[in-house]
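Below you'll find the structure, written out as structure tokens, and then a few comments.
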Amino acid sequence: MARENWERNHDPVGIWNGRGKAALIARGHSPTDRRWDGETLEKSLGAYMMIAVQNALDDAGITVDDVDGIIGSAGGQPNGAPLSDVWGPRDYFDPPYDSEDGLTHVTGQWLRQQMGFKNIKYINNHGDPIWNLIGQAAQAIADGRAETVVVTYPNGNLPGRYHQDPSNEARGGAVWPNTWGWGLSGQGFTFNQYCQKYGTNHDRMAPFVVQERKNGLLWEHSYYAQHEPGEFTEEDYLNGRMIARDLSIFDCDRPVLAAAAYVMTTAEKAKDMKQTPVYIWDHTESLFSPRSLVQTIDDTEEWTDIQAQRSYNGSGITADDIDVFAPYDGFAVFTQYYIEAWGWRGVKRGESHDFYAGDISLKGPNPLNSGGGNMGTGRMRTVFITDPLEQLQNRAGERQITGRAEIAVSHGVLPITAGTVVMSTNPG
Amino acid sequence: MARPIVPVPDPVSQPFWDACNEGKLIVQYCSICDRRQYPPEATCRDCGFDFHLSWQETSGRAKIVGYSITYDSRLVQWHPLQPFLNVIVALEEDPVINFHTNLIDDFGTNLTEEPDIPIGATCEVQFVEAAPGRMIPEWKIVK
Ligand SMILES: [Zn+2]
């Protein structure tokens with residue numbers, strides 16, 4: 001994946017000179033389904049992306065004519081392989097569904113044509129994942145490349161098992177893991193090292209994952225809220241089928257079909273829009289490589305420390321300032337690395353499982369991932385933007401936290417490749 | 001015994017696999033950065049250049065760093081062996097450098113219980129035929 005020069009990834013990054021210039025205003029979501037059936041065009045990723053964009057525009061109180069930038073993830077499936085590479089080739093349909101664009105991925109060009117955007121002067125489909133897209137949009141606005149941007153995030157899933165690889169040969173980079181059958185085992189391995197290092201165990205994840213599901217059930221766009229609203233208990237978690245040692249099915253996010261869109265604009269134009277502006281104070285990114293083949297706990301702690309300090313350096317905030325904290329959880333066994341790197345609520349290395357055993361409830365003092373994360377919503381990733389936005393706009397409804405909600409930090413995706421966004425109710 | 005997935009060398013990795021066929025475990029070495037590099041890449045990860053990159057033979061001796069067990073792999077060819085063992089070993093003379101192994105003695109055994117694998121145990125490399133003419137490194141605990 002090409003890393004573009006808009007990223008803030010060289011230390012010390014210093015306070016972002018775009019601080020307060022870009023404001024996140026509105027969000028829009030499509031329905032959330034488990035999969036697309038490959039036939040029903042009104043439920044294709046393109047159709048869902050258009051629904052989400054229209055909902056975001058309506059939420060902001062603007063029309064397509066007010067938008068001059070589209071920044072998105074065209075892939076339809078973050079992290080490399082587009083769905084079309086996995087499931088294609090296929091028979092196509094009449095325009096506009098006569099190629100993969102609109103079915104399994106959605107470009108800004110496709111959206112411009114279908115939705116009649118006339119004033120677009122900046123399109124970029126190369127970003128990924130959502131934190132980086134928000135950062136990229138904020139930078140584009142701060143740099144004057146566009147004034148009002150729609151950020152698009154289509155996330156697809158098709159019939160069949162997810163990311164299964166039937167090959168009996170390994171090529172390129174896949175040689176080094178696949179020859180020895182190394183797959184998701186890596187997530188469990190690093191987590192096992194964490195447990196060994198700090199004297200804890202996988203069962204102690206249960207309160208966290210259960211709380212995330214509770215929070216997610218209160219978010220109307222969550223896969224679980226829409227399709228599986230039943231209670232999820234600690235016993236359910238502890239009985240989860242194991243995928244690898246120290247990694248159960250309930251640590252893995254459920255792949256879903258969903259699209260989300262966001263409206264971001266200049267601080268000036270934000271004043272005329274329908275929702276309260278939430279200002280982007282900072283965005284920082286990083287891309288690391290393991291010291292050797294396998295990512296170890298030492299790699300993981302070093303990288304997350306670097307990114308947390310980068311984010312603090314870029315935003316000027318401290319851990320005490322963070323009211324809404326949304327560290328990524330897909331896989332759930334990652335989240336403790338982030339909590340500890342940022343030191344949220346004073347949690348130090350090795351203390352997250354004690355923190356989970358305390359009060360992390362939505363209405364308590366430590367409402368971790370108040371949107372529910374991917375564990376509570378499915379593999380959408382967009383709750384990591386929508387929930388902090390709604391919390392800071394004081395319109396999170398039943399999920400609204402009880403304490404102060406002025407500064408939010410959202411962080412993802414993996415320890416090895418990261419983006420962090422700091423948002424505030426104040427221009428700063 | 002044959003392996004479910006066989007590595008296909010490319011120009012960067014060819015020397016590594018050729019050495020495996022000769023019973024040697026080699027890794028890249030950057031003389032400017034004074035660091036070993038595995039897996040092999042076209043350039044040194046630290047300095048970004050290839051000028052100072054050469055191949056260096058290792059002792060093949062390593063220590064167990066940790067292990068995982070795979071119950072449900074995304075690699076379909078491995079499914080018949082589930083649950084199977086994934087072990088990480090680190091090179092004795094340079095513990096930063098780590099490798100995958102399935103441990104020779106446990107390969108293909110469809111684990112029925114969690115194995116007793118002492119972290120830090122010394123092991124030595126051996127080469128097994130993943131497919132005709134394609135040797136891969138595996139490790140064996142030194143008793
Ligand atoms: Zn070098």
Side-chain angles (χ1 to χ4, degrees), chain A residues 79 81 86 160-197 202 240-249 251-252 255 287-299 302 333, chain B residues 2-10 12-13 16-17 27 35-41 45-46 65-79 81-91 94-103 107 111 114 119 130-131 134 136-139:
Chain A
N79 293 349
V86 183
R161 289 203 68 188
Y162 191 69
H163 283 189
Q164 294 278 298
D165 181 352
S167 179
N168 60 4
E169 288 184 338
R171 294 171 190 277
V175 159
W176 311 108
N178 294 11
T179 299
W180 293 272
W182 184 257
L184 293 180
S185 27
Q187 318 308 337
F189 167 72
T190 314
F191 181 78
N192 179 264
Q193 283 196 307
Y194 174 87
C195 291
Q196 305 252 354
K197 185 171 179 177
H202 182 260
R241 181 171 70 84
M242 297 310 283
I243 303 301
R245 186 177 184 229
D246 283 331
L247 185 79
S248 95
I249 189 77
D251 300 314
C252 303
L287 177 64
F288 301 102
S289 19
R291 280 171 262 205
S292 184
L293 178 60
V294 179
Q295 176 182 329
T296 63
I297 186 67
D298 292 340
D299 289 327
E302 181 187 318
V333 293
Chain B
R3 294 299 160 119
I5 295 179
V6 177
V8 179
D10 62 22
V12 172
S13 66
F16 176 86
W17 298 113
V27 296
R35 64 180 283 274
R36 294 182 180 85
Q37 178 163 285
Y38 175 85
E41 291 180 29
R45 266 189 212 172
D46 270 14
V65 173
Y67 68 96
S68 185
I69 297 168
T70 299
Y71 297 94
D72 185 1
S73 179
R74 60 173 206 87
L75 304 170
V76 174
Q77 298 296 329
W78 279 85
H79 287 177
L81 294 170
Q82 289 170 179
F84 60 86
L85 188 60
N86 303 101
V87 180
I88 308 300
V89 298
L91 199 59
D94 187 351
V96 164
I97 301 298
N98 57 33
F99 302 88
H100 290 307
T101 178
N102 307 104
L103 288 186
F107 184 75
L111 297 177
E114 187 147 325
I119 307 301
R134 176 61 55 225
I136 65 168
E138 284 284 8
W139 273 261

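Values in this document were obtained by computation on a predicted structure and should not be read as measured data. Chain letters run A, B, ... following the sequence lines, proteins first, then strands; residues in each count from 1.
To the nearest 0.5 Å, atoms CZ (A/Arg291) and CG (B/Asn98) are separated by 10.0 Å. One distance of note links CD1 of B/Ile69 with CD1 of A/Ile243; it measures 13.5 Å at 0.5 Å rounding. Note that the CG atom of B/Asp72 and the CD1 atom of A/Ile249 stand 7.0 Å from one another [nearest 0.5 Å]. Residue A/Phe288 holds its CZ atom at 13.5 Å from CZ of B/Arg45, rounded to the nearest 0.5 Å. Separating the CG atom in B/Leu85 from the CH2 atom in A/Trp180 is a distance of 14.5 Å, to the nearest 0.5 Å. For the atom pair CG of B/Asp10 and CZ of A/Arg171, the computed distance is 10.0 Å after rounding to the nearest 0.5 Å.
The aromatic rings of A/Trp176 and B/Tyr38 sit perpendicular, their planes meeting at an angle over 60°, well past the 30° parallel limit.
Side chain of B/Asn86 to main chain of A/Gly181: a donor-acceptor pair is present (N/O by atom type, distance under 3.5 Å, no hydrogens or angles). A distance-only check finds a donor-acceptor pair linking the side chain of B/Trp78 to the backbone of A/Asn178 [under 3.5 Å]. The backbone N or O of B/Tyr67 sits less than 3.5 Å from a side-chain atom of A/Arg245, completing a donor-acceptor pair. Remark: side-chain polar atoms of A/Asn168 are not paired, donor with acceptor, to backbone N or O of B/Pro4 under 3.5 angstrom.
Taking both residues in full, the closest heavy atoms of A/Thr179 and B/Pro7 are given as OG1-CB, 3.5 Å, listed atom of the first, atom of the second, then distance. Between A/Ala244 and B/Ser68, the closest heavy-atom pair is CB-OG, 4.0 Å.
Put simply, of B/His100, B/Arg36, B/Glu114, the one with the most heavy-atom pairs under 4.5 Å next to chain A is B/His100. Counting heavy-atom pairs under 4.5 Å between each of B/Thr70, B/Ile88, B/Val12, B/Ile97 and chain A puts B/Ile88 at the top. Of all the listed residues (A/Thr296, A/Val175, A/Leu247, A/Leu293), the one sharing the greatest number of non-hydrogen pairs under 4.5 Å with chain B is A/Leu293. Note on B/Pro9, B/Pro40, B/Ala90, B/Ser13: by heavy-atom pairs under 4.5 Å with chain A, the leading option is B/Pro40.
Of the two parts of B/Pro95, neither the backbone nor the side chain holds a non-hydrogen atom closer than 4.5 Å to a non-hydrogen atom of chain A. Proximity to chain B is limited to the backbone of A/Ser167, based on heavy atoms less than 4.5 angstrom apart. Both the backbone and the side chain of A/Glu169 come within contact range of chain B, judged by heavy atoms closer than 4.5 Å.
In this structure, A/Arg241 fails the cation-pi test against B/Tyr71, since its NZ or CZ atom is not both closer than 6.0 Å to the six-membered ring centre and inside 45 degrees of the ring normal.
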(message) Working note: B/Phe99 + A/Val294, criterion side-chain contact (heavy atoms from CB on, under 4.5 Å); need CA distance, chi angles, decisive distance, verdict.
(response) CA-CA 7 Å; B/Phe99 302 88; A/Val294 179; over 6 Å; no
